[in-house]
Amino acid sequence: QLVEFGGGLAQPGGSLRLSCAASGFTLDDYTIGWFRQAPGKEREGVGCIKNTDGSTIYADSVKGRFTITRDYDKKMVYLQMDNLTPEDTGVYYCAGALFISGLGAHLYDYWGQGTQVTVSS
């Protein structure tokens with residue numbers, strides 16, 4: 001099971017940091033992806049971080065603004081979101097995948113319940 005923390009309300013241009021933790025399995029064994037879903041839209045891959053070398057992939061829409069990191073000691077994965085825009089509003093999910101990486105939701109086996117991020121003035 002995965003759990004997300006840190007959603008909330010931010011102003012345009014502001015920042016939020018989301019956290020992802022796992023229970024029942026070791027987060028270190030998995031590529032962790034971040035996804036979001038806005039009302040009326042399909043779930044979109046935001047980015048992911050591999051467990052093997054820490055390499056990352058980002059969607060073009062967030063490249064240069066969002067950063068994914070992982071803390072192996074704390075067994076956490078973070079999504080730092082800067083320079084937020086109203087288009088970043090949505091429910092954000094973290095997800096885990098074994099042996100692969102990418103931004104397709106079908107690649108991921110474990111999902112959190114999601115945390116709401118709202119960007120509004």
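In this chain, residues are counted from 1 in sequence order.
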| Measuring from E4:CD to C20:SG, what's the distance to the nearest 0.5 Å? |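 Going from the CD atom of E4 to the SG atom of C20 covers 6.0 Å.
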
Do [X] and [Y] come close enough that some side-chain heavy atom pair is under 4.5 Å?
X	Y	value
L2	L27	yes
S15	Q80	yes
T56	C48	no
V46	Y92	yes
T85	P12	no
V117	T89	no
L18	M81	yes
S19	V77	no

Side-chain donor-acceptor pair present, [X], [Y], cut-off under 3.5 Å:
X	Y	value
Y78	R17	no
E44	S61	yes
D53	S55	yes

[X] side chain to [Y] backbone, donor-acceptor under 3.5 Å:
X	Y	result
N51	D28	yes
Q37	G90	no
T31	K50	no

Flag if over 12 foreign heavy atoms under 6.0 Å of [atom1], [X]:
X	atom1	answer
Q116	CD	yes
Y72	OH	yes
K63	NZ	yes

| request: Check the pair I68 / Y58 against side-chain contact (heavy atoms from CB on, under 4.5 Å), numbers first and verdict last. | output: CA-CA 9 Å; I68 301 174; Y58 296 98; 3.7 Å; yes

| task | Have a look at R65 and tell me which of D88, D82, N83 forms a side chain to side chain donor-acceptor pair (under 3.5 Å) with it. | result |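 It is D88, the one option of D88, D82, N83 that forms the side chain to side chain donor-acceptor pair (under 3.5 Å) with R65.
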
| message | Please determine whether side-chain contact (heavy atoms from CB on, under 4.5 Å) holds for the pair Y30 and L98, giving the CA-CA distance in whole Å, both sets of side-chain angles, and the decisive distance to 0.1 Å. | response | CA-CA 5 Å; Y30 290 78; L98 272 174; 3.4 Å; yes

| request: Locate the shortest heavy-atom distance separating C94 from V3; write the atom from each residue and the value. | output: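 The pair with the smallest heavy-atom distance is SG-O, 4.3 Å.
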
| request: Mind listing the closest non-hydrogen atom pair of R70 and I49 along with its distance? | output: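 Residues R70 and I49, closest heavy atoms: NH1-O, 3.3 Å.
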
| Just checking, R36 and Y93: is the charged tip under 6.0 Å from the six-membered ring centre and within 45° of the axis? |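 Judged by the rule, R36 and Y93 form no cation-pi pair.
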
| task | Mind running side-chain contact (heavy atoms from CB on, under 4.5 Å) on W111 and R43 for me, showing each step along the way? | result | CA-CA 12 Å; W111 290 83; R43 191 169 296 188; 3.3 Å; yes

| side-chain contact (heavy atoms from CB on, under 4.5 Å) between L84 and F66, worked out | CA-CA 9 Å; L84 286 162; F66 289 13; 3.9 Å; yes

| field | Pair Y108 + F35: ring centers closer than 6.0 Å | value |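 Yes; F35 has its ring centre under 6.0 Å from that of Y108.
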
